[in-house]
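Before any comments, here is the structure.
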Amino acid sequence: MNKRFEQAIFVIGPTASGKTAFAHRLAEMIPSTYGTDCELINLDAFQFYRTMDIGAAKPTPEELEHYKYRGVDILDPLESIDAAAYADFVWQQCREISARGKLPICVGGSGLYLRAVLHGLDPLPPRNDDLRQMFRASAAEWGWPLLHDWLKALAPSRAAQLHPNDKTRIERALEIVFQLPEGVSPDSVFSQSQPLNQQDLAGNCYVVQIDCSDEVLKQRINLRLDEMFTRGWVAEVECLYQRWGSEFFASQAGKAIGYLDIHQACRQAEFTAGASGKENSRLDLRVVEELKRKIATSTWQYVRRQRTWNAKERCDWSFDSSKGIVEIQFTASLLSFLDFYHSK
RNA sequence: GGUGCUGUGGCGGAGCGGCUACGCAAACGAUUGCAAAUCGUUUUCACAGGGGUUCGAAUCCCCUCGGCACCU
């Protein structure tokens, strides 16, 4: 197996579970006990984007600076980066950090990106937007189940794994098939792949999974939401809209939880204010409370999905953050991981 | 006090004599280049209460209790 990175610690878990705080704590404790400096790498698909600070729950600018974060603010809102490209980026950053005798800590909750970094994606044809557009046009006309039939004819083994409505994956599968070189059997490409989480790891890693009780997590989500709104999340959304227009909400970045909800509430408020001849179109308290409820719900649904995902992922240390993350006792497994690294 | 409308699962909301929608929420699961995305499965007395008509009522009639509107 070829290593894509030397060694790294991964801190994963659902939103608001305390990943960031935990990682920061590690980055403080490891140097003081082992003399090895740590640098952080973001593994969160929405902290990529510049000017999406509050809603994406980024660390503060001071923290970003202090912990030498990489992978934050690397894209403009209308851009995007696919999982394979991002994995390459992270591996490269890891190697760079290791080369300078430091230890990378990757933090984030985006399942696919994490898996791509941890195991590496199979070498398949890349994303192709022209093809995707074509598939979407056909789907708009005939429906996705028909494209599923199409896939069944070309690559039955893959089609069998996908539901006829699963547009995301049908699209990708067809995209792969259409880009294969002459003479390669589409079906063999798929039937040879093992599930990613069962494949070898891309480097020497130590994975910490953070989570806490439902009760505490829900409470933290609500608290964080209050904070986000007082820090000016609404203004952030309006700024993005002013800068990029409605295209923002059609883009990948615009899919982040809450952004569209806030935008719609603002337009509604504008409309109401206009109709009553008032100048002030700011959101009133009732509307904000409603937004918080709605966004808390979406966030919780996301938590559930993250947990489902992480349950199948590697875990070297399962940390319960229900009582906070101030006190951290290094586990034996982490100590031996660090020893191994230190003795090199 | 009078008149009219109305009362459906945790919520919204169809059905107006027999076939017990649907949406949301919830729970669970999937996840190989847009993933905070997307997709799937599940949710065994929902029909305000009581009485009546009928082979059969959430649906028709009567009464009671809520809600809304208007009138005096």
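When reading the values below, keep in mind they use all heavy atoms of this one structure, side chains included, and skip hydrogens, waters and symmetry mates. In what follows, chains are A, B, ... by sequence order, proteins preceding strands, each numbered from 1.
- In RNA chain B, runs of at least 3 consecutive Watson-Crick or G-U pairs, each pair with both distances below 3.5 Å, span B:1-7 with B:65-71, B:10-12 with B:22-24, B:26-30 with B:38-42, B:48-52 with B:60-64.
- Side chain of A/N197 to backbone of A/K312: a donor-acceptor contact under 3.5 angstrom is found.
- When each of A/N310 and A/I257 is assigned the nucleotide of RNA chain B with its nearest heavy atom, A/N310 is the one assigned upstream, toward the 5' end.
- Classification of B/G29 as anti follows from a glycosidic angle more than 90° from 0.
- Nearer to the 5' terminus of RNA chain B, by closest-nucleotide assignment, is the contact made by A/K312 (compared with the other of A/G111 and A/K312).
- A side-chain donor-acceptor contact under 3.5 Å links A/S322 to the backbone of A/S213.
- Contact annotation for A/W300: backbone-only contact, meaning every heavy-atom pair under 4.0 Å involves sugar-phosphate atoms and none involves a base.
- Within residues 41-48 of chain A, the residues having any heavy atom under 4.0 Å from RNA chain B are, by residue number, A/D44, A/A45, A/F46.
- Across all strands shown, A/G55 has heavy atoms under 4.0 Å from base atoms, whether or not it also approaches the sugar-phosphate.
- Side-chain nitrogen and oxygen atoms of A/T308 include none within less than 4.0 Å of the OP1 or OP2 phosphate oxygen of B/U31.
- For the P atom pair drawn from B/A58 and B/G18, the interatomic distance equals 10 Å after rounding to whole Å.
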Strictly under 3.5 Å: I want the nitrogen or oxygen pairs between protein and nucleotides 23-25 of chain B, one per line.
from, atom 1, to, atom 2, distance (Å)
B/A25, OP1, A/Q301, NE2, 3.1

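- Among the heavy atoms of the strands lying under 4.0 Å from A/S193 is at least one base atom, whether or not backbone atoms are also near.
- No engagement by A/A116 is indicated, since no non-hydrogen atom pair under 4.0 Å with the nucleic acid exists.
- Shown here are the side-chain hydrogen bond (donor to acceptor under 3.5 Å, both in side chains) partners of A/E39, two or more places apart in sequence or in another chain: A/R70, A/K102.
- Counting only heavy atoms from C-beta outward, the side chains of A/F330 and A/I328 approach each other to under 4.5 Å.
- Within the nucleic acid shown, A/R158 comes within 4.0 Å of sugar-phosphate atoms alone, with no base atom in reach, counting heavy atoms only.
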Anything under 3.5 Å between a protein N or O and an N or O of nucleotides 38-41 of chain B, put it in a table, one pair a line.
from, atom 1, to, atom 2, distance (Å)
B/U38, O2', A/T168, OG1, 2.9
B/U38, O2, A/R169, NH1, 3.4
B/G40, OP1, A/N165, ND2, 2.9

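- At the phosphate of B/U32, neither OP1 nor OP2 sits under 4.0 Å from any side-chain N or O atom of A/R115.
- Among the atoms of the strands shown, base atoms are found under 4.0 Å from some heavy atom of A/E171.
- In summary, the side chains of A/Y206 and A/S333 do present a donor paired with an acceptor at a separation below 3.5 Å, with no hydrogens or angles considered.
- Side-chain proximity of A/A256 to B/U32, B/A36, B/G33: nearest is B/A36.
- Regarding contacts with the backbone of B/A37, every side-chain N or O of A/W309 stays at 4.0 angstrom or more from both OP1 and OP2.
- A distance-only check finds no donor-acceptor pair linking the side chain of A/E247 to the backbone of A/L78 [under 3.5 Å].
- Using a 4.0 Å heavy-atom cutoff across all strands shown, A/A83 reaches sugar-phosphate atoms only and no base atom.
- Applying the salt bridge (Lys or Arg N to Asp or Glu O under 4.0 Å) definition to pairs two or more places apart or across chains, those involving residues 106-126 of chain A are A/R115-A/E313.
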Evaluate the criterion side chain to side chain donor-acceptor pair (under 3.5 Å) for residue pair A/Q264 and A/R267; output intermediate values, then yes/no. CA-CA 5 Å; A/Q264 285 172 340; A/R267 299 291 74 77; over 6 Å; no
